[in-house]
**Student:** 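One structure is given below, represented as structure tokens, and several questions about it will come after.
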Amino acid sequence: MKLLLDTHLLLWAAGDAGQLSIPARSLIEDPSNKLFFSAASMWEIAIKLGLGRADFHVDARILRRALLDNGYNELPITSEHAVAIDTLPPIHKDPFDRILVAQAMIEGINLITADSLVAQYPGPIRPV
């Protein structure tokens, strides 16, 4: 199964696995799953680190390299993803989460998330 991890799950998987739920950890550790991270997550981390957010205290360059080195696949943001945002209901205002949802819908990848608002979107969204 193809899985796109939301930004917090990426951060937890890379640095604080104790934050992951058991279902999230099981999906991430299952070797039959193909794991993806979005360029949007790297963008979000870089911006929020620059703003001094304590929950985003990681260098996006180092995290990106570590994800790639550990078999994750990078999902770029395309114009098709960007324009798909206008089809989403106004459940969540965070632009980073909205682009992740659009990417999951367009690419047919399951977005796994610990965010209860993101989990309300229709489509291939899986709360963990």
Side-chain angles (χ1 to χ4, degrees):
M1 172 175 17
K2 292 181 180 180
L3 300 174
L4 174 62
L5 280 68
D6 79 2
T7 306
H8 274 97
L9 290 180
L10 282 175
L11 291 170
W12 296 339
D16 191 4
Q19 292 275 20
L20 292 170
S21 67
I22 292 171
R25 190 171 313 149
S26 294
L27 287 168
I28 292 167
E29 292 176 355
D30 183 339
S32 68
N33 289 332
K34 188 170 183 180
L35 304 177
F36 289 82
F37 69 94
S38 173
S41 292
M42 298 301 104
W43 183 22
E44 179 179 14
I45 292 165
I47 287 175
K48 292 183 177 177
L49 175 64
L51 294 173
R53 288 266 308 259
D55 55 338
F56 287 85
H57 195 68
V58 64
D59 185 316
R61 286 176 192 83
I62 294 171
L63 176 60
R64 179 182 178 273
R65 182 76 265 151
L67 291 168
L68 292 170
D69 288 348
N70 283 286
Y72 283 72
N73 300 277
E74 186 170 8
L75 181 61
I77 300 168
T78 68
S79 58
E80 185 178 13
H81 300 146
V83 299
I85 288 175
D86 72 354
T87 66
L88 299 178
I91 295 170
H92 203 310
K93 294 182 182 186
D94 185 306
F96 300 108
D97 288 329
R98 291 174 62 81
I99 195 74
L100 291 174
V101 170
Q103 286 182 299
M105 290 172 43
I106 295 297
E107 301 299 328
I109 298 173
N110 292 291
L111 173 62
I112 60 172
T113 183
D115 186 322
S116 60
L117 283 176
V118 173
Q120 293 177 32
Y121 279 99
I125 314 301
R126 185 169 182 171
V128 291

**Student:** Might you work through the side chain to side chain contact (heavy atoms under 4.5 Å, CB included) test for Glu74 and Phe36, ending with a clear yes or no?
**Tutor:** CA-CA 6 Å; Glu74 186 170 8; Phe36 289 82; over 6 Å; no
**Student:** So, the side chain of Gln103 versus the backbone of Pro76: is there a donor-acceptor pair under 3.5 Å, distance only?
**Tutor:**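 A pair under 3.5 Å: yes.
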**Student:** With no hydrogens and no angle check, do the side chains of Asp30 and Ser32 hold a donor and an acceptor under 3.5 Å apart?
**Tutor:**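 Yes, Ser32 and Asp30 have a side-chain donor paired with an acceptor closer than 3.5 Å.
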**Student:** Just verifying a value: how many Å separate Glu80 CD and Met105 CE, rounded to the nearest 0.5 Å?
**Tutor:**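 Interatomic distance, Glu80 CD to Met105 CE, rounded to 0.5 Å: 10.5 Å.
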**Student:** Report yes if some heavy atom in the side chain of Ile99 is under 4.5 Å from a heavy atom in the side chain of Ile77; otherwise report no.
**Tutor:**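 A side-chain contact under 4.5 Å exists here.
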**Student:** May I ask you to decide whether Asp69 forms a salt bridge with Arg65, counting only side-chain N to carboxylate O separations under 4.0 Å?
**Tutor:**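 Arg65 and Asp69: salt-bridged.
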**Student:** Are any of the side-chain heavy atoms of Gln120 and Ile125 separated by less than 4.5 Å?
**Tutor:**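 Side chain of Gln120 against side chain of Ile125, heavy atoms only: no contact under 4.5 Å found.
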**Student:** Below 4.5 Å, heavy atoms only, C-beta onward: do Leu27 and Arg126 meet side chain to side chain?
**Tutor:**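 Contact flag for Leu27/Arg126 side chains = yes.
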**Student:** When you measure from the side chain of Arg64 to the backbone N and O of Met42, does any donor-acceptor pair fall under 3.5 Å?
**Tutor:**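 No, Arg64 side chain to Met42 backbone: no donor-acceptor pair under 3.5 Å.
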**Student:** Keeping Ser26 on the side-chain end and Ile22 on the backbone end, is there a donor-acceptor pair under 3.5 Å?
**Tutor:**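 Side chain of Ser26 to backbone of Ile22, a donor-acceptor pair under 3.5 Å: yes, one is there.
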**Student:** Quick one: CG on Leu49 to CG on Leu63, what's the gap to the nearest 0.5 Å?
**Tutor:**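 Separation between the atoms: 11.0 Å.
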**Student:** Apply side chain to side chain contact (heavy atoms under 4.5 Å, CB included) to Val118 and Leu100, showing your working.
**Tutor:** CA-CA 9 Å; Val118 173; Leu100 291 174; over 6 Å; no
**Student:** Would you mind reporting whether Gln19 and Asp16 have side-chain heavy atoms less than 4.5 Å apart?
**Tutor:**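 Yes - at least one pair of side-chain heavy atoms lies under 4.5 Å apart.
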**Student:** Checking side chain to side chain contact (heavy atoms under 4.5 Å, CB included) for the pair Ser41/Asp6: CA distance, chi angles, key distance, verdict?
**Tutor:** CA-CA 7 Å; Ser41 292; Asp6 79 2; over 6 Å; no
**Student:** So if I apply the side chain to side chain contact (heavy atoms under 4.5 Å, CB included) rule between Asn33 and each of Leu3, Ile112, Asn110, Ile28, which one comes out positive?
**Tutor:**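 The option that passes is Leu3.
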**Student:** Does Asn70 use its side chain to pair, donor to acceptor, with the backbone of Ala66 at less than 3.5 Å?
**Tutor:**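 Yes; at least one donor-acceptor contact below 3.5 Å.
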**Student:** Could you check Leu67 against Leu35 for side chain to side chain contact (heavy atoms under 4.5 Å, CB included), going step by step and ending with a plain yes or no?
**Tutor:** CA-CA 9 Å; Leu67 291 168; Leu35 304 177; over 6 Å; no
**Student:** To the nearest 0.5 Å, tell me how far Leu5 CG sits from Thr113 OG1.
**Tutor:**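 The OG1 atom of Thr113 is 9.5 Å from CG of Leu5, to the nearest 0.5 Å.
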**Student:** Can a donor-acceptor pair be found, under 3.5 Å and without considering hydrogens, that links the side chain of Arg25 to the backbone of Leu20?
**Tutor:**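 Judged by distance alone, yes, a pair lies under 3.5 Å.
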**Student:** If only atom types and distance count, is the side chain of Tyr121 paired as donor or acceptor with the main-chain N or O of His92 below 3.5 Å?
**Tutor:**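 Answer holds: yes.
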**Student:** Do Pro127 and Pro23 have side chains that approach each other closer than 4.5 Å (heavy atoms only, starting at C-beta)?
**Tutor:**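 The answer is no, as the side chains (C-beta and beyond) never meet within the 4.5 Å cut-off.
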**Student:** Are the side chains of Leu117 and Asp97 in touch, meaning some heavy atoms are under 4.5 Å apart?
**Tutor:**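 Side chain of Leu117 against side chain of Asp97, heavy atoms only: no contact under 4.5 Å found.
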**Student:** Kindly indicate whether the side chain of Asn73, heavy atoms from C-beta on, has any atom under 4.5 Å from the side chain of Phe37.
**Tutor:**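 Asn73 does not reach Phe37 side chain to side chain.
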**Student:** Which atoms form the tightest heavy-atom contact between Ser38 and Leu4, and what is the distance?
**Tutor:**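 Smallest interatomic distance, heavy atoms only, reads N-CD1, 3.8 Å.
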**Student:** Nearest 0.5 Å please: distance from the CD atom of Glu44 over to the OG1 atom of Thr7.
**Tutor:**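 The CD atom of Glu44 sits 4.0 Å away from the OG1 atom of Thr7.
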